[in-house]
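What follows is a short report on a single structure.
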Amino acid sequence: MSFLARHRIILPVVSLTVLLAATFYMQPRAMSYFGLNLLFNLAVPIALATIAQMMIIMVNDIDLSLGAFVSLVACVTATILNDTPALGLLILLALILSYALLGAVIHALEIPAIVVTLGMSFVWGGLALFILPSPGGASPDWLRTLMTVKPPFAPMAVVASVIIALVAHLLIIRSGIGTVLRGVGGNARSVAQAGWPVIRLKALAYGLAGLFGVLAGMALVGLTTSADANIALRYTLLSIAGVILGGGEFIGGKVSPTGAVIGALTLTLAASFLSFLRLSSDWQIGAQGAVLILVLTARLIFRQKGAEA
Amino acid sequence: MTDHESAPIVSLDNAAKHFGPVKALDGVSLVVTPGDCIGLVGHNGAGKSTLVNLINGALAPSSGSVGFSGGTSANEAGVRSVFQELSLCPNLTVAENLRISHTALKGPGWRRHARAEILQSLDTIFPGHGIDPMSEVDTLSIAERQMVEIAIGFAPRGMAARLVILDEPTSSLDAGIADQLLEHIKQFCAKGGAVVFISHMMGEVFEVASRIVVLKDGRIVAERDAADFTRQGLVDAMGHVTAEAADTAGTRQEFGPEVVRTEQGLTARKGEIVGLSGLAGHGQAAALARLYLSRSSAFRPGTSPEVVFVAGDRPRDGVLPLWSILRNISISVLGQGARHGLVDRDAEARIADQWKTRIGIRTDDVTNPILSLSGGNQQKVLFARALASPAPVVIMDDPMRGVDVGTKQDVYAMIRAEAARGRTFLWYSTETEEVCQCDRVFVFRDHEISAELTGADITEEKILEASFVLEEAS
Amino acid sequence: MNILTKPWLWSCVAAALAYALILGLTSGRGAGELAYAALSFGAFAAIVGLGQMLVITLGPGNVDLSIPATMTLAATLALKAMGTDPGTAVLGLGIALAVGFGVGVANYALIYLLRLPPIIATLAASLIYQSLAIWSNRGLRIKPPEGLADFATGRFLGLPNVTWVGLLLAIVVWIALERSVWGRWLLATGQNMRVARLAGVPVELVRASTYISVSVFAALAGYLLASFSGGAALNMGAEYLLMSIAVVVIGGSSIAGGNSNVPGVWGAALFMFLVVSMLNSYGAGAGARNVLTGAIIIGIVIAASTRRART
Amino acid sequence: ESHASATADKRIALSNNYAGNSWRQAMLQTWEEVGEQAVADGMLAAADAYTTAENQATEQAAQIQNMILQGYDAIVLNAASPTALNGAVKEACDAGVTVVSFDGIVTEPCAWRIAVDFAAMGEEQVEYLATRLSDGGNLLEIRGLAGVFVDDEISKGIHEGVAEHDQFEIVGSVHGDWAQDVSQKAVAGILPSLPEITGVVTQGGDGYGAAQAFKAAGRPTPLIVLGNRQDELKWWAEQRDANGYETLSLSIAPGVASLALWVAQQVLAGEEVPKDLTVPFLKITQDTLDDALANTPEGSVANVTYTLDDAKQVIADAK
Ligand SMILES: Nc1ncnc2c1ncn2[C@@H]1O[C@H](COP(=O)(O)OP(=O)(O)OP(=O)(O)O)[C@@H](O)[C@H]1O
Ligand SMILES: Nc1ncnc2c1ncn2[C@@H]1O[C@H](COP(=O)(O)OP(=O)(O)OP(=O)(O)O)[C@@H](O)[C@H]1O
Ligand SMILES: [Mg+2]
Ligand SMILES: [Mg+2]
């Protein structure tokens with residue numbers, strides 16, 4: 001077992017560092033408190049969404065509805081939570097519970113998650129359109145304050161990313177229940193044989209995904225100050241890419257919360273790096289794809305090293 | 001029934017389990033009391049694993065009852081199972097896997113406790129095991145995984161284990177480690193623990209069992225003290241017409257030209273049966289996998305394949321779980337009978353039926369799902385898959401895992417007959433007894449060949465010597 | 001085998017139900033018209049869905065997200081080459097199929113050579129294809145040659161020509177999956193690639209051909225759609241991303257095979273068109289339409305799965 | 001010309017959130033042409049265009065933040081959302097960057113807005129129909145992309161128009177996502193359940209698809225209000241030549257990007273510019289059809305390029 005294969009976290013860290021160095025070289029102004037915050041603050045909701053997606057991937061499922069869900073949360077936050085906080089909180093709580101219920105249903109009926117979440121993406125999107133047929137709403141003040149706070153030493157975006165990674169790491173990697181949840185992804189049958197109620201574990205994993213999805217939507221509104229029904233649709237694919245970039249795998253319960261957060265930061269940074277390159281507008285979209293491929297190609301080194309062991 | 005101070009840990013009363021028309025267990029009554037060491041034997045598909053699953057609660061009996069004295073469930077009663085198909089979480093560390101089984105392990109500091117507990121258990125059963133409790137299970141060899149699973153079975157986990165059921169625990173362990181396990185079982189039973197030990201290796205069963213229970217077609221056909229059985233008597237009770245032990249190798253010496261030569265120095269000639277031996281996990285399986293992959297293409301569909309593979313690690317390397325028995329057998333021969341790229345379905349059915357009878361797959365219909373077969377019968381399907389193919393070189397990665405005695409003799413004979421017809425076999429086995437049937441043996445140590453034995457040199461002592469020599473010297 | 005256990009049944013039932021509900025509103029008026037429209041538009045979804053089904057059959061993590069970009073790129077290049085000149089339809093078709101082939105090879109190369117997870121590889125590559133389409137024509141909408149447009153919108157024996165193409169492809173895919181050696185190989189690879197490789201299946205050949213097939217199908221759909229709707233647009237494939245996955249899963253796909261869901265893809269393709277038409281006809285707003293569509297999708301899947309479990 | 005030298009060292013960036021249709025491509029092209037000319041003339045130091053992959057406010061917000069870092073003096077913006085970019089726009093203003101939004105405008109007070117009265121555009125369609133179809137009748141509405149501001153505004157205008165002219169009734173409404181093929185499909189699906197349709201009100205980019213759907217269903221072609229796409233205009237001309245078909249086409253011109261460029265230049269030059277400017281939408285009638293068709297490239301959108309003088313005129317009108 002090679003060093004690199006054992007420490008999957010190194011790859012995301014190296015990718016982010018290299019990209020950051022290149023960005024600083026292209027745009028020295030980014031190398032400041034102010035610059036780092038601008039580069040990374042929109043990565044905070046993406047990081048939260050990536051953790052949410054990771055919870056689902058951890059139990060061998062995939063969530064195609066996450067982007068629509070985060071959009072719905074953003075719409076609720078910018079309208080109901082802002083106008084009548086108590087009702088808003090209640091609705092957000094209900095959304096988390098419905099995610100947990102989804103997990104239980106998927107397990108009980110043995111239907112593929114990809115199907116159910118695909119259906120749910122229509123449902124969440126439709127509900128968001130009900131709440132906010134056209135863009136608008138406003139961020140609750142406390143949320144805006146929270147997302148624009150200026151902590152000493154490091155900007156909010158960096159501090160928040162570290163906190164998210166830490167909390168998720170403690171929850172999933174260190175805690176006992178997190179270990180069991182990863183076990184469900186590794187071998188659900190043996191977890192069941194040991195006497196765990198797998199249906200409840202699945203509900204818990206989905207519930208956690210719902211929780212982080214809600215946090216993502218709220219953080220997003222805190223940054224953008226308002227919402228619309230399509231605001232976070234891209235998060236579905238971004239979050240999947242973030243999990244994989246962070247060293248996670250689609251099956252087998254192999255995930256890394258720290259890696260996922262770094263993956264989300266890398267994706268955000270990659271887009272910025274490209275705009276600093278000032279490509280012709282024909283190729284700007286394609287270049288995003290090229291960077292994504294380039295960053296992931298680094299995995300090859302790890303794979304080959306790993307395969308030898 | 002039993003004396004008063006040792007109430008039965010578990011008692012089955014006329015318990016039966018039916019899968020549709022299949023009577024996997026057909027009314028079994030069995031009582032396990034503290035200190036019992038029961039050897040459970042029977043042909044492939046006799047119902048042994050089903051019995052285990054009834055006891056540990058994974059399956060509910062179709063009729064009859066399963067009762068525990070120390071609680072309402074197996075878990076509460078201190079009943080532990082080590083399953084035939086490996087059932088660890090490969091993505092977790094060894095210690096974390098203990099956490100999965102030890103549902104009560106909670107609170108801060110659990111990692112330290114888990115680590116200590118599994119290490120303690122491993123040290124007790126397998127002294128000198130060399131397994132790091134912080135390493136992830138998928139980085140371990142199959143033998144190491146088996147050891148971890150056994151260690152978890154015997155670990156205290158909050159309350160001492162009272163009954164440990166071991167379903168073919170030695171099938172992927174080499175002789176030395178298997179001996180350590182047998183030693184531990186004896187001590188465990190001597191201290192008042194109970195064990196149900198399932199194995200197709202009669203030697204092991206006689207060594208540990210105080211009582212032997214013979215299952216045949218879902219019924220108990222014999223239950224006596226081990227001392228009351230003879231080896232032949234036991235095999236007879238299992239109901240197998242043992243093929244008369246064909247006269248072993250050593251007589252045939254004419255082999256064809258060399259057909260295999262690897263960088264490592266592994267060679268084989270046409271018509272030869274070449275054994276790979278040594279301690280488990282010393283690179284034999286990897287050497288075979290490399291050989292197979294280098295001789296077959298992932299891109300070119302060979303009309304006449306050079307090599308075929310018989311897997312021992314069924315879920316990982318062998319079984320296509322969603323398919324029927326028929327499709328699992330025919331996958332390696334599809335290319336041959338095909339016309340215009342379409343499968344010849346009649347020929348396919350013919351081949352499957354033919355192999356069902358030839359190798360004795362216990363099922364009434366080859367269109368049944370493969371997972372409805374017992375472990376040993378699934379293994380037979382993999383044999384059929386390989387032998388049905390015309391490939392001249394057959395690579396076998398510990399293929400007798402969980403195959404019953406009678407079938408083993410049949411397969412040995414079949415292998416010898418095929419070899420006589422000019423096929424070459426490369427055969428890795430954890431059982432020295434099997435390796436000794438080969439024409440030539442390569443012993444592996446630390447991923448290298450440490451000895452090449454032929455003819456009369458192929459003995460258990462020589463193999464052990466070559467497996468260990470460096471460790472003793474250093 | 002009991003017909004009720006066929007997983008594809010439910011998408012067909014749902015499609016029929018939606019059809020009946022629309023006709024209920026018009027008391028039977030426009031039945032032929034509606035069926036004709038459903039068969040025309042369903043054909044495009046069915047064609048891309050058949051390709052996506054093959055990819056999904058390859059096992060967890062396999063899905064092609066570059067379908068929309070492939071449709072756009074193939075259609076753009078084909079229509080540009082034809083430039084409304086009569087008699088160039090075959091040239092255009094050739095170009096579209098070549099683009100599909102090239103895209104498939106590129107996707108597979110990323111997956112095989114760089115070991116990228118297919119979801120990410122096809123997603124990233126699709127951005128490049130999109131750029132290529134923009135660069136090649138800057139979004140100008142060129143009309144198809146008249147003969148081609150007439151073919152794409154025309155009918156034969158009462159059915160739309162595009163439906164015939166879709167049905168033909170469905171039969172080809174059905175034979176490939178149910179009867180051919182390649183189909184067996186595909187199903188084996190989907191269950192466990194390592195096992196398939198050790199059983200002598202040329203797994204990489206299977207994966208390559210599958211990724212090429214889906215791209216070729218997408219390119220064909222793009223070519224037909226552009227001819228059908230009067231030109232290629234940069235966003236013409238956008239709705240086929242979710243659609244291609246939806247028709248596969250609603251169609252009752254399970255990767256086991258031997259229980260083919262090719263009819264399910266067609267049923268689901270018709271359903272996806274009819275359900276939107278039904279909700280539009282009943283005057284549902286965008287919000288209600290989405291919620292109901294999602295709920296019905298989940299309902300179908302649950303119905304199909306519990307039926308299967310009970311037997 | 002004194003202002004020209006005042007902005008000779010100024011750099012302007014275009015932030016565009018979508019490139020996936022011919023309208024946006026025409027917009028980018030106009031920007032490129034006018035921007036290059038301005039740089040060549042020494043009016044500006046740079047006029048760069050940036051595009052994000054999907055129509056998403058979050059990515060555009062990140063893009064604006066990058067532009068702040070890159071030190072642009074002004075950002076010209078076609079926004080994915082009128083409100084969701086306000087956070088980023090505020091940050092730009094605070095960093096001393098001039099922000100001019102057009103087409104998709106932002107509500108943040110520190111930014112300039114070059115707005116099109118989309119509601120009026122919807123209302124005008126119904127008014128035109130009222131002049132043509134005095135008996136009124138059933139209308140089919142084709143909307144754009146659900147949840148987007150422009151869609152909501154135009155639809156609101158249409159419904160106001162219908163409220164005023166009560167001889168009309170909207171009997172069906174579908175979302176065509178501003179794409180011909182999607183509209184064609186949506187219309188084909190709803191047509192069988194609709195009574196006779198006399199008029200179709202649209203949002204641009206969807207009229208040709210609607211016409212195709214009517215033709216395929218074998219229904220008489222109603223009066224379809226068009227949206228300035230070349231294929232629509234060409235179809236119109238063909239219909240006119242064949243049977244005297246008469247209609248109206250209206251949409252916002254993609255060249256409004258050039259107007260925004262000049263407005264930004266004027267702000268940078270220190271001119272006093274009101275925060276809210278309006279541009280008229282581009283209307284094509286039966287009389288101007290041939291001209292428009294002649295000036296529009298094959299497969300593109302009818303366009304107008306604005307000059308610095310046009311911009312000054314628009315500013316003066318607003319004062
Ligand atoms: N899920 C199932 N569905 C149908 N039949 C089953 C199922 N599980 C087991 N059987 C059948 O029950 C019988 C007993 O199987 P079991 O696994 O108990 O055998 P075993 O004695 O453990 O054999 P082996 O030594 O090969 O492991 C077999 O005939 C098997 O085919
Ligand atoms: N054998 C070992 N190999 C590697 N690291 C070890 C080992 N033993 C302890 N550590 C490290 O020592 C530290 C303390 O670990 P330990 O799990 O004992 O703390 P704990 O208080 O039980 O944790 P928790 O609060 O999560 O339950 C951890 O960082 C752990 O990774
Ligand atoms: Mg068994
Ligand atoms: Mg600890």
Side-chain angles (χ1 to χ4, degrees), chain A residues 60-62 64-65 68 102 105 109-112 114-133 229 237-238 240-241 244-245 248-252 279-300 302-304 307, chain C residues 56 59-63 65-66 69 110 113-136 138 241-242 245-246 248-250 252-255 284-302 304-306 308-309:
Chain A
N60 289 352
D61 287 343
I62 193 163
L64 293 186
S65 72
L102 218 56
V105 168
L109 299 181
E110 293 177 49
I111 32 184
I114 186 169
V115 187
V116 179
T117 56
L118 185 82
M120 285 314 290
S121 73
F122 288 93
V123 174
W124 301 136
L127 291 176
L129 279 174
F130 270 128
I131 294 175
L132 213 53
L237 292 176
L238 278 178
I240 296 173
I244 301 305
L245 215 54
E249 300 198 1
F250 282 112
I251 42 171
L279 296 164
S280 111
S281 61
D282 286 356
W283 293 107
Q284 282 172 9
I285 294 170
Q288 297 184 18
V291 166
L292 201 56
I293 291 172
L294 221 63
V295 172
L296 276 162
T297 300
R299 284 162 57 103
L300 198 57
F302 289 69
R303 279 299 178 88
Q304 279 172 348
Chain C
I56 288 178
N62 284 286
V63 64
L65 298 183
S66 72
L110 291 175
L113 295 177
L114 304 184
R115 301 278 189 274
L116 300 188
I119 291 189
I120 311 281
T122 52
L123 170 69
S126 82
L127 296 174
I128 297 178
Y129 307 145
Q130 213 175 322
S131 261
L132 272 171
I134 291 177
W135 167 78
S136 66
R138 302 228 51 162
L241 178 65
L242 275 190
I245 302 174
V248 176
V249 295
I250 301 171
S253 237
S254 75
I255 65 161
R289 210 178 58 217
N290 276 313
V291 171
L292 287 171
T293 307
I296 296 172
I297 289 177
I298 295 176
I300 295 174
V301 172
I302 289 180
S305 78
T306 47
R308 226 175 321 170

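Computed from a prediction, not measured in an experiment: that's the story for all the values here. Residue numbering restarts at 1 for every chain, and letters A, B, ... go by the order of the sequence lines.
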Which bit of [X] comes within less than 4.5 Å of chain A, counting heavy atoms only: side chain, backbone, both or neither?
X        : value
C:Ile297 : side chain
C:Leu123 : side chain
C:Ile296 : neither

Checklist entry - How long is the gap from CD1 on A:Ile293 to CG on C:Leu110, to the nearest 0.5 Å? => result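 Those atoms lie 4.5 Å apart.
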For the interface with chain A, which of [options] has the highest count of heavy-atom pairs at distances below 4.5 Å?
options                      : answer
C:Leu116, C:Leu242, C:Ile245 : C:Leu116
C:Val248, C:Thr293, C:Leu132 : C:Leu132
C:Ile300, C:Val291, C:Val249 : C:Val291

Would you tabulate the side-chain donor-acceptor contacts of residues 119-133 of chain A under 3.5 Å, counting partners in other chains and residues two or more places apart, or write 'none'?
residue  : atom : partner  : partner atom : Å
A:Ser121 : OG   : A:Leu118 : O            : 2.6
A:Trp124 : NE1  : A:Ser65  : OG           : 3.4

Item to check | Taking every non-hydrogen atom, the tightest pair across A:Gly286 and C:Ser131 | outcome: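 For A:Gly286 and C:Ser131, the tightest heavy-atom pair comes out as N-OG, 2.7 Å.
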Checklist entry - Which atom names give the shortest non-hydrogen contact between A:Ile285 and C:Leu127, and what distance separates them? => result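 Minimum heavy-atom separation between A:Ile285 and C:Leu127: O-CB, 3.5 Å.
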Checklist entry - For the candidates A:Ile111, A:Val115, A:Ile62, which exhibits the highest count of non-hydrogen atom pairs separated by less than 4.5 Å from chain C? => result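 Among the listed options, the one with the most contacts to chain C is A:Val115.
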Checklist entry - If you tally heavy-atom pairs under 4.5 Å against chain C, which of A:Ala287, A:Gly289, A:Pro112, A:Ala290 wins? => result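 Option with the greatest count: A:Gly289.
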Item to check | Qualifying residues under side chain to side chain donor-acceptor pair (under 3.5 Å), relative to C:Asn290, sequence neighbours excluded | outcome: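 Once residues adjacent in sequence are excluded, C:Asn290 has no partner under the side chain to side chain donor-acceptor pair (under 3.5 Å) criterion.
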Next on the checklist: A:Leu292 vs C:Ile120, test: side-chain contact (heavy atoms from CB on, under 4.5 Å). Steps then yes/no.
Outcome noted: CA-CA 8 Å; A:Leu292 201 56; C:Ile120 311 281; 4.3 Å; yes
